[in-house]
2 protein chains.
Amino acid sequence: MTKIELTTEENILEAAKKVFHKKGFDGARMQEIADEAGINKSLLHYYFRSKEKLFEAIFQDAFKQFLPKIGEALISNKSLFEIITLFVNAYIEMLIKNPYLPVFVVNEINRNPDKIIDIIKNSGVNPIKLESIILSEIEKGTIININPKHLIINILSMCVFPILTRPIITGFLFNNDTALVQEFIEERKSQVTSFVINSIKLK
Amino acid sequence: MTKIELTTEENILEAAKKVFHKKGFDGARMQEIADEAGINKSLLHYYFRSKEKLFEAIFQDAFKQFLPKIGEALISNKSLFEIITLFVNAYIEMLIKNPYLPVFVVNEINRNPDKIIDIIKNSGVNPIKLESIILSEIEKGTIININPKHLIINILSMCVFPILTRPIITGFLFNNDTALVQEFIEERKSQVTSFVINSIKLK
DNA sequence: AAATGGTTTAACCAATTGGTCAAAATTAAA
DNA sequence: TTTAATTTTGACCAATTGGTTAAACCATTT
């Protein structure tokens with residue numbers, strides 16, 4: 001119904017995203033991207049000089065999306081437990097909508113670790129704010145004494161890992177019943193939240 | 001000192017493992033594997049018919065290593081907390097020694113999800129035993145009521161994820177100070193253990 | 001020493017791949 | 001309409017890649 005007209009460049013980016021996310025840099029073929037976009041292969045080189053340049057555009061975008069954004073939640077003076085609840089729900093929701101994103105980022109990050117340093121500096125996300133919030137919460141005595149970095153990684157781990165290993169989980173824990181897996185992933189929003197809070201709250 | 005003589009086949013497997021783990025199937029080059037093994041490229045095809053066959057050998061091995069083995073700990077009648085402690089320590093230790101293993105497995109699993117079904121069936125690992133132990137522990141009243149599958153995934157998540165995203169963690173949380181990251185990974189043995197137990201133990 | 005069977009090599013091949021280039025098609029400007 | 005600029009295409013290329021093959025090498029047996 002709502003037929004959106006895409007410019008050729010947007011069209012290419014959309015197609016490149018699809019192919020790169022699914023096949024990675026080495027596995028992706030310029031011809032396949034062109035086919036996906038319904039254009040001639042030469043056009044890819046007309047808009048983006050090379051495969052690397054095109055990939056760079058896709059990767060930068062994916063990487064920024066992969067980095068957790070919690071700015072809004074931090075500004076409003078919510079409690080740490082509220083922040084955790086909101087973040088876990090929003091992040092898992094985003095991952096469900098972009099199931100190929102984590103594999104893509106993790107894979108390319110490890111394939112080419114050097115390149116990310118620049119991207120990181122450009123990404124304007126700083127985890128230090130969150131760290132200080134956690135620390136102040138410890139001092140206030142609302143949560144146990146825990147290294148903020150470990151806590152942050154713990155939360156991220158439990159959100160992202162199931163998406164990364166979905167095929168294994170499907171085959172292993174759920175006998176290839178994909179519907180059950182989907183349900184399982186949905187459940188994790190509440191499960192991860194309560195698991196974390198349960199672990200750090202002082203009683 | 002202890003100079004070990006490797007057969008050509010073992011030599012090839014060793015080289016293939018190194019290259020495949022670092023570059024993945026698409027990124028790996030048969031010539032590079034041959035160079036790494038110090039032999040002619042044709043020898044690869046002499047011992048293994050094709051790139052796919054050679055890859056299969058490497059992948060099967062990696063996949064089995066990636067799957068958590070907890071058989072011994074389960075047979076001896078240890079408590080759940082002891083099992084968790086032992087497992088987390090052993091698994092993270094293994095991951096430290098094989099830093100490329102998780103990326104490799106996760107990447108190829110997602111690139112070719114269909115193939116793993118056979119491998120899973122051949123791998124002879126069943127998580128059901130662990131699930132029943134967790135369930136009985138819940139009935140005994142030593143831990144809170146929690147879905148065993150979620151608990152298992154939580155533990156695995158927190159062990160594997162930091163290894164998978166090491167380059168991001170290095171750049172982001174530790175300003176590229178690799179020594180600090182190494183320390184951080186080591187710390188996770190105790191951190192993950194206590195985080196989990198803290199979350200599920202009934203007081 | 002000659003024959004035999006497994007191992008290793010160098011040269012080569014067909015197919016694929018990222019990329020180029022000049023011409024055609026389309027759009028905008030005059 | 002004509003001209004100029006931009007966009008799109010098809011044909012083509014050089015380099016790479018997985019794989020083949022016949023010959024050389026080597027150890028063992030006869």
Side-chain angles (χ1 to χ4, degrees), chain A residues 3-62 100 104 107-112 114-115, chain B residues 3-62 100 104 107-112 114-115:
Chain A
K3 196 178 179 183
I4 307 158
E5 278 298 322
L6 290 176
T7 67
T8 305
E9 188 170 340
E10 290 169 330
N11 192 20
I12 291 174
L13 284 171
E14 205 66 31
K17 179 180 167 184
K18 212 181 271 185
V19 175
F20 275 133
H21 276 214
K22 223 178 274 187
K23 311 240 173 143
F25 179 81
D26 291 323
R29 300 285 160 247
M30 292 297 269
Q31 185 59 58
E32 191 179 350
I33 296 174
D35 291 346
E36 179 74 38
I39 55 161
N40 189 286
K41 193 182 59 160
S42 302
L43 255 196
L44 298 181
H45 292 92
Y46 177 75
Y47 280 92
F48 305 85
R49 281 215 314 277
S50 65
K51 187 184 182 184
E52 309 245 4
K53 281 277 179 193
L54 180 53
F55 178 80
E56 205 93 359
I58 302 300
F59 182 74
Q60 290 245 2
D61 197 58
Y100 286 107
F104 174 69
N107 185 39
E108 302 302 335
I109 279 289
N110 280 277
R111 207 68 88 221
N112 216 332
D114 310 317
K115 278 191 181 174
Chain B
K3 197 178 179 183
I4 307 158
E5 278 298 321
L6 290 176
T7 68
T8 305
E9 189 170 341
E10 291 169 330
N11 192 19
I12 290 175
L13 285 171
E14 205 65 32
K17 179 179 167 184
K18 212 180 271 184
V19 176
F20 275 132
H21 276 214
K22 223 179 275 186
K23 312 241 173 140
F25 179 81
D26 291 323
R29 299 285 159 245
M30 292 296 268
Q31 186 59 59
E32 191 179 351
I33 296 174
D35 292 346
E36 179 73 38
I39 55 162
N40 189 286
K41 191 183 59 162
S42 301
L43 256 195
L44 297 181
H45 292 91
Y46 178 75
Y47 281 92
F48 305 85
R49 283 214 312 278
S50 64
K51 186 184 182 183
E52 308 246 4
K53 281 277 178 192
L54 180 53
F55 178 80
E56 205 92 359
I58 302 299
F59 182 74
Q60 290 246 1
D61 197 60
Y100 286 107
F104 174 70
N107 184 40
E108 302 301 334
I109 279 289
N110 280 278
R111 207 68 87 220
N112 216 332
D114 311 316
K115 277 192 182 175

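Residue numbers begin at 1 in each chain, while the letters A, B, ... track the order of the sequences.
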Could you give the [atom1]-to-[atom2] distance, from [X] to [N], as a whole number of Å?
X: A:N11; N: D:dT8; atom1: CG; atom2: C1'; result: 13 Å
X: B:I33; N: D:dG19; atom1: CD1; atom2: P; result: 10 Å
X: B:F48; N: D:dT20; atom1: CZ; atom2: P; result: 16 Å
X: B:E9; N: C:dG6; atom1: CD; atom2: P; result: 15 Å
X: B:L44; N: C:dT7; atom1: CG; atom2: C1'; result: 14 Å
X: A:L43; N: C:dT26; atom1: CG; atom2: C1'; result: 12 Å

List, with names and distances, any nitrogen or oxygen atoms from the protein found under 3.5 Å away from nitrogen or oxygen atoms belonging to nucleotides 16-20 of chain C.
from	atom 1	to	atom 2	distance (Å)
C:dT17	OP1	A:R29	NE	2.6
C:dG18	OP1	A:A28	O	3.3
C:dG18	OP1	A:R29	NH1	3.3
C:dG18	OP1	A:K51	NZ	3.1
C:dG18	OP2	A:M30	N	3.2
C:dG18	N7	A:K41	NZ	3.1
C:dG19	OP2	A:H45	NE2	3.2
C:dG19	OP2	A:K51	N	2.8
C:dG19	N7	A:K41	NZ	3.1
C:dG19	O6	A:K41	NZ	2.7
C:dT20	O4	A:S42	OG	3.0

Residue among A:F59, A:F104, A:Y100 satisfying ring-ring contact (aromatic ring centres under 6.0 Å, His included) with A:H21
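It is A:F104; the other options fail the test.
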OP1 or OP2 of D:dT8 versus the side-chain N and O atoms of A:Y47: is any pair under 4.0 Å?
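So the side chain of A:Y47 is within the cut-off, an N or O lying under 4.0 Å from OP1 or OP2 of D:dT8.
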Is there a side-chain contact between B:T8 and the phosphate of C:dT7, meaning an N or O under 4.0 Å from OP1 or OP2?
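No, outside the criterion.
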Quick one: list whatever passes salt bridge (charged side-chain N to carboxylate O under 4.0 Å, His left out) with A:E32, sequence neighbours left out.
A:K23
For B:E9, salt bridge (charged side-chain N to carboxylate O under 4.0 Å, His left out) partners two or more places apart
none
Using 0.5 Å steps for rounding, measure from the CD1 atom of A:I58 to the CD1 atom of A:I33.
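Between A:I58 CD1 and A:I33 CD1, I get 7.5 Å after rounding to 0.5 Å.
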Geometric class of the B:F20/B:F55 ring pair [parallel <30°, tilted 30-60°, perpendicular >60°]:
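Rings of B:F55 and B:F20: perpendicular, as their planes differ by over 60°.
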Modelled atom types, side-chain donor and acceptor of A:E108 and A:N112, under 3.5 Å
no
